[in-house]
Amino acid sequence: MNPLVQVAVKTPVYGVFDYRWKSPLPAVAGTRVTVPFGRRQVIGIVVAAIEHSDVPAAKLRAVHKVHDEKAILPEDLMTLLKWASRYYHYPLGEVLGSALPSLLRKGHAATLAEREYFRSTPQDESSTDVRVTVVQKRLLDHLRGSGGRPVAPDSLRALSPRWRHSLEPLIEQGLVACDTAIEVPRNEAAEQGPTLSDEQARAVEAVNAKLGTFASFLLRGVTGSGKTEVYLRCIEEVSRRGLQVLVLVPEISLTPQLMSRFERRISGCLVNLHSGLNDTERLQNWLCAYEGHADVVIGTRSSILAPMPRLGLIIIDEEHDGSLKQQDGFRYHARDLALMRARNRQCPVLLGTATPSFESIHNVTAGRFVELALTRRAGDAVAPTMGLLDIRRRKLIEGMSDRLLDAIREHLGRGGQALVFINRRGFAPTLLCNDCGAAADCRRCDAHMTVHARHNRLRCHHCGSERALPSVCDSCGSAELDRVGYGTERITEALQIEFPEIDIARIDRDSTRRKGALEAQLNRANSGEARILVGTQMLAKGHHFPKLTLVCILDADRGLFGTDFRSLEHMAQLIVQVAGRAGREKQRGAVLVQTRNPDNPMLQTLVKEGYESFAEIAMSDRRLAELPPFSFMALVRAEASDAREAHGFLVQVADSLHANKSGRLDVMGPAPAPMERLGGRYRAQLLLQSNLRSTLNDSLSRLCTVIDQLPGARRCRWSIDVDPVDLF
DNA sequence: AGCACGCCGACT
DNA sequence: GTCGGCGTGCTC
């Protein structure tokens with residue numbers, strides 16, 4: 001009897017199938033195989049070798065091809081991914097697939113690219129009268145002159161564009177030898193780190209003391225307190241021990257400063273994994289991690305699934321950041337996977353932020369995380385002063401109060417820079433008819449369209465559809481159209497009128513879409529050429545503008561009344577992050593928050609006492625309301641082109657849950673999603689909440705079985721989101 | 001996801 | 001009579 005294997009295949013329903021193993025190689029879990037699936041051939045991952053299959057022998061088919069000799073997904077990753085498949089209720093085949101670079105999913109060989117090197121042979125050294133061309137003479141001289149070290153093609157190309165043509169005869173004659181070697185990037189540190197503060201030194205020591213065991217640290221450091229320096233010192237120590245470090249950052253392309261800082265400080269093999277890489281680069285860097293050549297891997301969310309044979313430490317920068325949660329498909333949270341992975345691998349996790357997520361604060365309170373605090377800013381910098389600006393009954397110029405404009409004038413006068421933060425791009429969020437009151441709405445979403453004045457267009461920021469800016473109202477034909485509300489474009493325009501001599505840089509997704517445009521804008525900001533910066537949350541993260549002394553936050557009120565129970569938390573994090581851009585050098589910074597709710601206790605606490613006090617109060621509200629992190633949530637979403645279809649589907653799903661009575665489970669809905677219509681499809685959702693993780697998990701498992709058997713489940717697109725961050 | 005199977009309207 | 005529309009179900 002042939003041995004049997006289970007193979008995970010990328011398919012939304014089952015995912016794991018049994019096959020006959022016909023290869024002379026032993027079956028290894030984590031290797032890629034091509035298997036017949038239906039009438040196609042697909043690539044799957046071997047999950048296990050099994051003794052017996054419940055599938056009738058006649059149905060079992062043979063593995064067609066074996067791609068790898070050793071596991072492409074090492075055992076520890078397989079364990080993590082299998083766990084994640086169960087935890088997030090997402091098919092194993094899809095989960096395993098998401099851990100592989102796309103070229104490997106398509107069957108590309110898992111080998112690092114090789115590079116040719118050339119050197120002069122002993123035969124060449126001894127020969128005296130070889131007849132060579134001028135170009136060949138030049139090539140030989142260069143090779144001889146390199147002192148026996150192999151020479152890369154690049155430097156030969158510099159000698160002659162047709163270098164290979166000239167070189168080949170020399171190789172044939174045995175004068176030049178060609179070797180191949182794998183290409184592994186190497187980085188040389190160019191600078192030394194500063195002396196650590198006591199707090200930094202204590203933090204580094206605490207982490208280093210736990211290397212080789214599982215421990216979780218929350219590095220809570222105010223902006224500018226030198227969290228990155230702590231990361232760098234820990235990385236140095238882990239490298240010294242011959243282990244690898246995995247560093248997760250929010251969006252690497254938005255933080256070139258952070259990336260170059262790592263490059264200046266770390267010696268060894270440093271690779272990136274982020275969305276800006278093409279498939280080949282991504283594969284090469286992934287393989288560097290997989291083969292253990294990489295000492296440090298820096299990447300975005302999905303890097304948490306990168307194979308690291310000598311993993312010694314996981315660092316997550318900006319651990320509160322929403323981008324750590326995948327918002328479609330396999331909806332994992334990179335922070336939670338990191339904790340699970342570190343526990344399995346017995347290595348520490350270091351989570352850094354100025355504004356911890358409530359989940360992490362809760363974990364500190366519960367004793368699961370050790371808190372490391374950095375309370376002082378580096379150098380002479382002191383924390384900026386924060387103040388609320390009551391704009392009720394005040395004269396506003398394009399949404400900005402006179403006091404705000406005065407403050408900008410004052411800071412500019414003293415040679416400072418001002419940042420105006422408004423988390424809305426475009427000119428105005430709404431176009432209203434003055435006669436009939438109708439707003440210009442998106443035809444595919446339940447949303448107003450945003451006015452983009454510069455391009456004379458209306459755009460929907462939810463589905464991306466756009467149309468020409470109408471000159472008359474769609475509903476009544478009136479020409480009295482009002483652009484209501486403010487976006488970065490309008491604010492920039494207004495400030496330019498107010499400060500005609502001043503150079504203003506607008507930094508949002510629209511103004512930085514073109515390649516290199518973001519760098520160009522950031523350069524203008526850093527050099528001090530631009531004196532006023534207007535931008536969205538793109539400006540909130542990680543940037544360091546030396547001359548910036550004033551931060552103005554225009555629309556803080558929006559977060560106070562969000563639809564989501566996390567709106568307040570996110571608003572506070574955003575305000576603190578933006579505020580942190582001010583006064584990072586000698587001049588003390590100031591932060592002004594415009595509001596129509598100056599008496600709001602949450603806003604007051606945040607501004608007067610800071611994030612920590614704010615979080616304490618906001619979290620006690622969460623506890624009373626039994627919301628996460630004091631309970632566990634999952635969201636079942638459904639969307640269909642017919643609203644009744646999506647709702648009906650969820651009614652059936654909900655019924656199956658009510659029928660079962662084990663543990664405490666609150667089922668809310670089905671209800672229309674906060675924005676019911678999006679991109680022309682109707683969305684409904686079912687919210688599950690429990691005080692026990694296991695109850696929630698069990699309910700979801702049952703729910704999956706029910707859905708699989710549900711006729712018509714395929715007419716509607718559905719998904720399960722465990723621990724959702726946005727209830728949209 | 002694909003891909004076949006199967007059951008009803010327009011056509012050579 | 002047949003061609004082909006896409007709703008439904010399966011893939012070890």
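Residue numbering restarts at 1 for every chain, and letters A, B, ... go by the order of the sequence lines. Please read all numbers here as calculations on a predicted model, not as lab measurements.
Atom CD of residue A:E676 and atom CD of residue A:Q685 lie 10.5 Å apart, to the nearest 0.5 angstrom.
The nearest whole Å value for the distance from the CD atom in A:E645 to the C1' atom in C:dG7 is 12 Å. In this structure, CD of A:Q41 is placed 13 Å from C1' of C:dC12, rounded to the nearest angstrom. Put simply, CZ on A:F17 is 14 Å from P on B:dG2, counting in whole angstrom units. For the pair A:L60 CG and C:dT11 C1', the interatomic distance rounds to 13 Å; values are reported in whole Å. Separating the OH atom of A:Y90 from the C1' atom of B:dA1 is a distance of 11 Å, rounded to the nearest angstrom.
Residues of residues 26-37 of chain A that place a heavy atom closer than 4.0 Å to DNA chain C, in numerical order, are A:P36, A:F37.
With salt bridges taken as basic N to acidic carboxylate O contacts below 4.0 Å, one links A:R664 and A:E626. Under 4.0 Å is where a charged nitrogen must lie from a carboxylate oxygen, and between A:R683 and A:E639 no such pair does.
When the side-chain nitrogen and oxygen atoms of A:R39 are compared with OP1 and OP2 of C:dT11, none of them lie within a distance under 4.0 Å. Put simply, A:K10 has no side-chain N or O that comes within less than 4.0 Å of OP1 or OP2 on B:dA1.
Residue contacts shown for A:R40 include a base, since a base heavy atom lies under 4.0 Å away.
Closest to the side chain of A:D18, from the set C:dC12, C:dT11, B:dA4, is C:dC12.
Checking each of A:D510, A:D508, A:T450 against A:R425 for a side chain to side chain donor-acceptor pair (under 3.5 Å) leaves exactly one that passes, namely A:D510.
Between A:H462 and A:H448, the distance separating the two ring centers is not shorter than 6.0 angstrom.
Evaluation of the ring pair (Phe, Tyr, Trp, His ring centres under 6.0 Å) test over residues 278-299 of chain A, restricted to residues two or more places apart or in two chains, returns A:W286-A:Y290.
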